[in-house]
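Per chain, numbering begins at 1; letters A, B, ... match sequence-line order.
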Amino acid sequence: MEHKYVPKDIEEKWQLRWENDKTFKVSEETDKPKYYLLEMFPYPSGRIHMGHVRNYSIGDVVGRFKRMRGFNVLHPMGWDAFGMPAENAAIQNKSHPATWTYENIAYMRSQLKKMGLSYDWDRELATCDLEYYRWEQKIFLEMFARGLAYKKTSFVNWCPTCETVLANEQVEDGGCWRCDSDVSLKELDQWFFRITNYAEELLENTFKLPGWPERVLVMQRNWIGKSFGCEIDFPIENGADAIRVFTTRQDTVFGATFMSLAPEHPRAMELTTADRRESVSAFIDKIRKTDRIKRTADDFEKEGIFTGSYCLNPLTKARMPIFLANFVLMDYGTGAVMAVPTHDQRDFEFAKKYDLPLKVVIQPQGETLDPSTMSEAFTDSGIMSNSGTFDGMKSDDAKEAIADYLQSRSAGTKTVNFRLRDWGISRQRYWGNPIPVIYCDVCGVVPVPEQDLPVVLPRDVVFTGEGGSPLAQMESFVRCACPSCGRAARRETDTMDTFVQSSWYFLRYCCPDYQDGILDRDRVDYWMSVDQYIGGIEHAVLHLLYARFFTKVLRDLGYIAADEPFTNLLTQGMVIKDGAKMSKSKGNVVDPDSLIKKYGSDTARLFSLFAAPPEKDLDWNDQGVEGSFRFLNRIWKLVHDRLDEIKGAAPVDVASLGPTERALRRAVHKTIRKVTEDVEGRFHFNTAIASVMELLNTLQPAEPGTPQSSAVMREALQSVILLMAPFVPHITEELWQRMGNTVPLSQTGWPEYDRNAVVDEEVTVVVQVNGKLRSKITVVSGTSEGELESLALADEKVVSFIAGKTVRKVICVQGKLVNIVVEQG
RNA sequence: GGCGGAGUGGUGAAAUGGUAGACACAGCAGACUCAAAAUCUGCCGAUUGCAAGAUCAUGCCGGUUCGAGUCCGGCCUCCGCUACCA
């Protein structure tokens, strides 16, 4: 048997073995407790990158560990397979998105298999499989029936490069999340999911997810953006009705001196007086053409125009000119803002520019503001003034009081406002799930009847990259009969956002072969919720919010019991090299294929787990990879050096161990304890690995001697193998076999530490004088505090430090430390 | 502007309020070798000292405590998210 560690041979051998034995196949028929482990599935872009290696290595440690701990672990893998890049590649290569996608999946699957990941490959799915997206169409129709999917005309985010609409969540910094092009607004008739119906529950439950990182929850809360305030009606002068505003600062109503409307406000033109029509409509036009990023930029100059009309302040009856202002947004609140220039910075700047009146209604504690000398708005809380009966009140209290007052006079209502908008899901692209709807001139919008599902995405499509969606240009697809009246009708040619597919794939993994409906409830309820979800932080408000929404919808539709999809969430850090995220454009990528070819996947896995804790960014370092490889070689060598000795060793007989053997065994069992604690719950894989390295450093110099020392060595090396198994499954499986074990390591349980073995016989106690380390004493474990104190006070070094001083106090911590507090004199 | 997170050796990082820097990378010295690689051994925060040791040191300033990298208050810097959200 060769003595050199050659990863390639053993890794292929064991991967084949696991695959043939279906080692990681799971079913629901077992007494073991279930554990659903999931890593975010990849987009089949072509090849896996280091981010995948890291994500799936982390997941695999958890999966293998939980299996060894006796759990029935569901650990599936699949492909987020619809999307733009496939279409772009097809246009470029004159091939088909399906061909490109399935070829990529095949290659990436082989790459993942080379990593030795413990997936149940029988549950693999790709979202572009007809068997997947057909059920999604059914979900859509059920949502449509309940009013949770609806169509409306509105201004939507338009990416000119991708030639498609984007959801709010997919606009990053004013640009497209995929191609970074500037996003503009376009008025279109589009499909939406009514996620706003769930705003309250989505927010509420962020306080019931202790297993999620706080920052992700905070991001979601900010995104949902709940604010408490008032809707207040401002009567129009000489008009029958009023303009409604939303404000969170009803304590400043007495200071409102004018009104600002969004240029898109539906009543903008109606309120404009005849003499101003021309200039106002020119202003509205100009704002519409300004792109969204510029308009919403912080430093964009505030600009507006007077409509010629006035409204009345409901509390002061003051006459307030009505303006249109470029900084007022139509899609937040009511699209109308009461302007309080003294207490809002935007209104202040606007008032200064157009010379509008300022009135202070909140005074800071111990100060008096004068409107004529103010250089900026005072936005903090303070004491009410110029506010009638509310004068003298704290402004925070006045919020409630004024809201009540307005409500009692039917001039306003307390309301809650959300920032969250409905999710626009229409995409004007081919490679996606067709929205199962038909348009009939007579019957209107008609859902495709269930028996006609699925609407199959046609294959024989021409990709030119021009003229919008290829589906819309395909007569044979578009033309159909109205399911309701039979007349000639047109099919919807938009497809669903790819985030729809990733919003429920984790449910389908529970029953991927189910033919009779969307989900097999018994199986889904057995597995759900996902016990541990692992993926990148970049999905904090996109995928992770949508998936929560879908879970609630499917619960309410009666398909599942779970309220929340993911009980615990781990967001792993990025892979960094030379100070920047690995990317092709930076030229700092390390290719997993060549890494695995050179060192084997065990080394690739080990380094990505050892170099940093999972949630932190990982700094890639080629020499560090060498170090991990070296460590595996040391394990390999040590096991082989001791092979004959340990194969013939008797079981450990605790009673007959000498002090050296007891010490060695103590180190072994302490390591078992440490690794177990680090992996379980904490996911501190780096320190877990470090502790095994330490153990190996201890074992390496140990000389063979008595039969009992060989017995301890055997226990030690078996433990090293077991403890390293979740991290580096191939080398450990191989060594396990070579050590003479007949049951494969993948069928073996996790070691338990021996409580008696970890008890120290002697401990080093630190002696401090006034908190500074002055000496160390070695004592028998269990030495009482009183004894410790006298031993410490008698210590030679301590004596020299306390000589001539008064001992004020002695603090003793058993087995740890003595602190002697002395005073001069 | 708002909200989060983080700041520890040359580097990646460790430390339930109790020995700061485990483990590793890099570096230095030595062993083996004709030589090199590999491997093994030792050293490896700063200042000072022949040494034993001493002093300083976890972004900065203060506080709580016998004792603070860790807890509290105030700043500085970096990163992330969000942002004319009324």
If you check the [X] side chain, which of [options] turns out closest?
{"X": "A/Gln700", "options": "B/C84, B/C40, B/C3", "answer": "B/C40"}
{"X": "A/Phe246", "options": "B/C81, B/G18, B/A86", "answer": "B/A86"}
{"X": "A/Asn686", "options": "B/A14, B/C81, B/C25", "answer": "B/A14"}
{"X": "A/Arg419", "options": "B/A24, B/U82, B/G18", "answer": "B/U82"}
{"X": "A/Phe610", "options": "B/C23, B/C66, B/U82", "answer": "B/C23"}
{"X": "A/Arg215", "options": "B/G4, B/U41, B/A14", "answer": "B/G4"}
{"X": "A/Lys772", "options": "B/G18, B/C84, B/C56", "answer": "B/C56"}
{"X": "A/Trp223", "options": "B/U82, B/G67, B/A54", "answer": "B/U82"}
{"X": "A/Val218", "options": "B/C3, B/C84, B/U19", "answer": "B/C3"}
{"X": "A/Ile811", "options": "B/A24, B/C85, B/G18", "answer": "B/G18"}

Without decimals, in angstroms, what is the distance between [X] [atom1] and [N] [atom2]?
{"X": "A/Lys353", "N": "B/C84", "atom1": "NZ", "atom2": "C1'", "result": "14 Å"}
{"X": "A/Leu695", "N": "B/A24", "atom1": "CG", "atom2": "C1'", "result": "16 Å"}
{"X": "A/Glu615", "N": "B/G80", "atom1": "CD", "atom2": "C1'", "result": "15 Å"}
{"X": "A/Arg221", "N": "B/A83", "atom1": "CZ", "atom2": "C1'", "result": "19 Å"}
{"X": "A/Leu817", "N": "B/A68", "atom1": "CG", "atom2": "C1'", "result": "14 Å"}
{"X": "A/Leu544", "N": "B/C81", "atom1": "CG", "atom2": "C1'", "result": "14 Å"}
{"X": "A/Asp678", "N": "B/U16", "atom1": "CG", "atom2": "C1'", "result": "13 Å"}
{"X": "A/Ile576", "N": "B/U11", "atom1": "CD1", "atom2": "P", "result": "17 Å"}

If we take the [atom1] atom in both [N] and [M], what is their distance in whole Å?
{"N": "B/A13", "M": "B/C25", "atom1": "C1'", "result": "10 Å"}
{"N": "B/U11", "M": "B/G27", "atom1": "P", "result": "15 Å"}
{"N": "B/G5", "M": "B/A20", "atom1": "P", "result": "28 Å"}
{"N": "B/G4", "M": "B/U39", "atom1": "P", "result": "49 Å"}
{"N": "B/C34", "M": "B/G45", "atom1": "P", "result": "35 Å"}
{"N": "B/G62", "M": "B/C76", "atom1": "C1'", "result": "15 Å"}
{"N": "B/G21", "M": "B/U16", "atom1": "P", "result": "14 Å"}
{"N": "B/A86", "M": "B/G69", "atom1": "P", "result": "42 Å"}

Point to revise | Aromatic centroids of A/Phe629 and A/Phe631 separated by under 6.0 Å | key: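 Between A/Phe629 and A/Phe631, which both carry aromatic rings, the centre distance is not below 6.0 Å.
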**Study point:** Ring-ring centroid check A/Phe258 A/Tyr354, cutoff 6.0 Å
**Key:**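 So the answer is no for these two rings.
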For a quick check of understanding: with a heavy-atom distance under 4.0 Å over all strands, which category does [X] fall into, base, sugar-phosphate or nothing?
{"X": "A/Phe801", "result": "sugar-phosphate"}
{"X": "A/Lys616", "result": "sugar-phosphate"}
{"X": "A/Gly627", "result": "sugar-phosphate"}
{"X": "A/Asn819", "result": "base"}
{"X": "A/Arg634", "result": "sugar-phosphate"}
{"X": "A/Asp617", "result": "sugar-phosphate"}

Exercise for review: Please confirm whether the backbone N or O of A/Thr783 pairs with a side-chain atom of A/Gln814, one donor and one acceptor, at under 3.5 Å?
Suggested key: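 Judged by distance alone, yes, a pair lies under 3.5 Å.
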Exercise for review: Kindly say whether A/Asp396 contributes a backbone atom to a donor-acceptor pair with the side chain of A/Asp251 at under 3.5 angstrom?
Suggested key: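 Absent.
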Exercise for review: Kindly say whether, by distance alone, the side chain of A/Lys809 makes a donor-acceptor pair under 3.5 Å with the base of B/C66?
Suggested key: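 Looking at the base of B/C66, it does not pair with any donor or acceptor on the side chain of A/Lys809 (distance under 3.5 Å).
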Review point. According to the interplanar angle, ranging from 0 to 90°, do the rings of A/His640 and A/Trp636 count as parallel (below 30°), tilted (30 to 60°) or perpendicular (above 60°)?
Key: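 It falls in the tilted class, 30° to 60°.
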Practice item. Just label B/G9 as syn or anti from its O4'-C1'-N9-C4 or O4'-C1'-N1-C2 angle, using within 90° of 0 for syn. Key: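 Syn.
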Using purine N1 to pyrimidine N3 plus N6-O4 or O6-N4 for Watson-Crick, or N1-O2 and O6-N3 for G-U wobble, both under 3.5 Å, which nucleotide pairs with [N]?
{"N": "B/G1", "answer": "B/U82"}
{"N": "B/A51", "answer": "none"}
{"N": "B/C40", "answer": "B/G30"}
{"N": "B/C25", "answer": "B/G10"}
{"N": "B/U19", "answer": "none"}

Taking only N and O in the side chain of [X], is any of them less than 4.0 Å away from OP1 or OP2 of [N]?
{"X": "A/Arg682", "N": "B/A15", "result": "yes"}
{"X": "A/Arg774", "N": "B/U19", "result": "no"}
{"X": "A/Arg630", "N": "B/A26", "result": "yes"}
{"X": "A/Asn697", "N": "B/A24", "result": "yes"}

Exercise for review: Show the numbers, then the answer: is there a salt bridge (Lys or Arg N to Asp or Glu O under 4.0 Å) between A/Arg215 and A/Glu615?
Suggested key: CA-CA 12 Å; A/Arg215 60 178 181 145; A/Glu615 65 280 1; over 6 Å; no
Point to revise | Flag if over 12 foreign heavy atoms under 6.0 Å of NZ, A/Lys226 | key: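 Yes - once you tally the heavy atoms of other residues, nucleotides and ligands closer than 6.0 Å, there are more than 12.
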Exercise for review: Establish, for the pair A/Arg221 and A/Phe207, whether the NZ or CZ atom is under 6.0 angstrom from the six-membered ring centre and no further than 45 degrees off its axis.
Suggested key: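 So A/Arg221 does make the cation-pi contact.
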Check your understanding: Ion pair present between A/Lys353 and A/Glu301, side-chain N to carboxylate O less than 4.0 angstrom?
Key ->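 Salt bridge: yes.
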Review point. For A/Ala336 and A/Asn770, take the nucleotide of RNA chain B holding the closest heavy atom to each; which residue's nucleotide lies nearer the 5' end?
Key: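 Nearer the 5' end of the strand: A/Asn770.
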**Study point:** Residue whose closest nucleotide on RNA chain B lies nearer the 5' end, A/Glu626 versus A/Gln768
**Key:**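 Its nearest nucleotide being more 5', the pick is A/Gln768.
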